[in-house]
There are 2 protein chains.
Amino acid sequence: MNKRKTSGTYRSRCPVSIALDLFGDAWSLLIIRDLMFYQRRTFGEFLRAQGIASNILAQRLAQLEQAGIISKHPEPSDARKFIYSLTAKGIDLAPVLVEIIVWADRHEQTDAQPAMVRQMRSHRRAFIARTRRTWAREQQPARRRSRSA
Amino acid sequence: MNKRKTSGTYRSRCPVSIALDLFGDAWSLLIIRDLMFYQRRTFGEFLRAQGIASNILAQRLAQLEQAGIISKHPEPSDARKFIYSLTAKGIDLAPVLVEIIVWADRHEQTDAQPAMVRQMRSHRRAFIARTRRTWAREQQPARRRSRSA
């Protein structure tokens, strides 16, 4: 696997520290969550879902793209707009998200769907494999669209 | 399990959002990392390890204690000082830390020990179980010390 530094300066080379530099910001992880579990794909969808200021959202999207975690391509129906998707590096964050959700559900009152959390806890590997399959399926129409566009 | 809201206001009840409110700050997760993997226990040890300003460190320790993730008790030899440790809720973050480290090692150049990352990746459950056992063993002398103090 090709490993490269995706951003200029890290405060250390500790893996936890580097990971936090890349996606540790709260808004960034919520964007990743929206892409991974809620099929949100556009600037407008993130904006409406999160109640985030549009300049902050634009900055976080640019950072995640720079970190190689998300990518964007023009929307087929309107080339001025973009569709965002997770890269392979981004979908590799699925186990991190799953463990965060399982932890929060165990210790806090959340609105997580009980059936989903049970799947995550008791059938963790199957749940992550299914998330990856959904992601892979979604990549295909996007590629077809950009070829035909 | 007794679930209660540990902090006053969350921006939503989404489990990812709540988790980030509780430990999503970069310094907070580095403190948890130091407690979990590096056996750092005191204010001075965190300060030296992280290059963090002491007022920020004090604030993050207070937040983590308020969130029920860490606890403190007086140092036996000097009751003006404190020894910090992870609570059960804090050690439950081990799978989150493990997945973050595995992800960063896969995609970035880090200083993670290759043998440790191999253990995390190939023997994930055993690694987490061992981390929990180490934590449980450490709790015992602390309890003995505070009984005899």
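None of the values given here were measured: they were computed from a predicted structure. Chain letters run A, B, ... following the sequence lines, proteins first and then strands; every chain starts at 1. For the numbers below, each heavy atom of this structure counts, side chains included, while hydrogens, waters and symmetry mates do not.
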Participant: Under the criterion salt bridge (Lys or Arg N to Asp or Glu O under 4.0 Å), I'd like the reasoning laid out for A:Glu108 against B:Lys89: C-alpha separation, chi angles, the key distance, then a yes or no.
Facilitator: CA-CA 10 Å; A:Glu108 301 288 329; B:Lys89 183 176 178 178; 2.6 Å; yes

Participant: With a 3.5 Å cut-off and no angle check, do the side chains of A:Ser77 and A:Glu75 form a donor-acceptor pair?
Facilitator: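 Yes, a side-chain donor-acceptor pair sits under 3.5 Å.
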
Participant: Quick check against the 3.5 Å criterion: does B:Arg40 have a side-chain atom that pairs as donor or acceptor with the backbone of B:Ala49?
Facilitator: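 Side chain of B:Arg40 to backbone of B:Ala49, a donor-acceptor pair under 3.5 Å: no, none is there.
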
Participant: What part of A:Ile32 lies closer than 4.5 angstrom to a heavy atom of chain B: side chain, backbone, both or neither?
Facilitator: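 Contact with chain B is absent: no heavy atom of A:Ile32 under 4.5 Å.
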
Participant: Heavy-atom pairs under 4.5 Å with chain A - which of B:Cys14, B:Ala88, B:Ala19, B:Gly51 has more of them than the others?
Facilitator: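 Result: the option with the highest number of such pairs is B:Cys14.
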
Participant: Side chains of B:Leu22 and A:Trp103, heavy atoms from C-beta outward: is any pair under 4.5 Å?
Facilitator: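 SC-SC contact between B:Leu22 and A:Trp103 confirmed.
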
Participant: B:Leu93, B:Leu97, B:Val117, B:Ile100: which one forms the most heavy-atom pairs within less than 4.5 Å of chain A?
Facilitator: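 If we count pairs closer than 4.5 Å to chain A, B:Leu93 comes out on top.
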
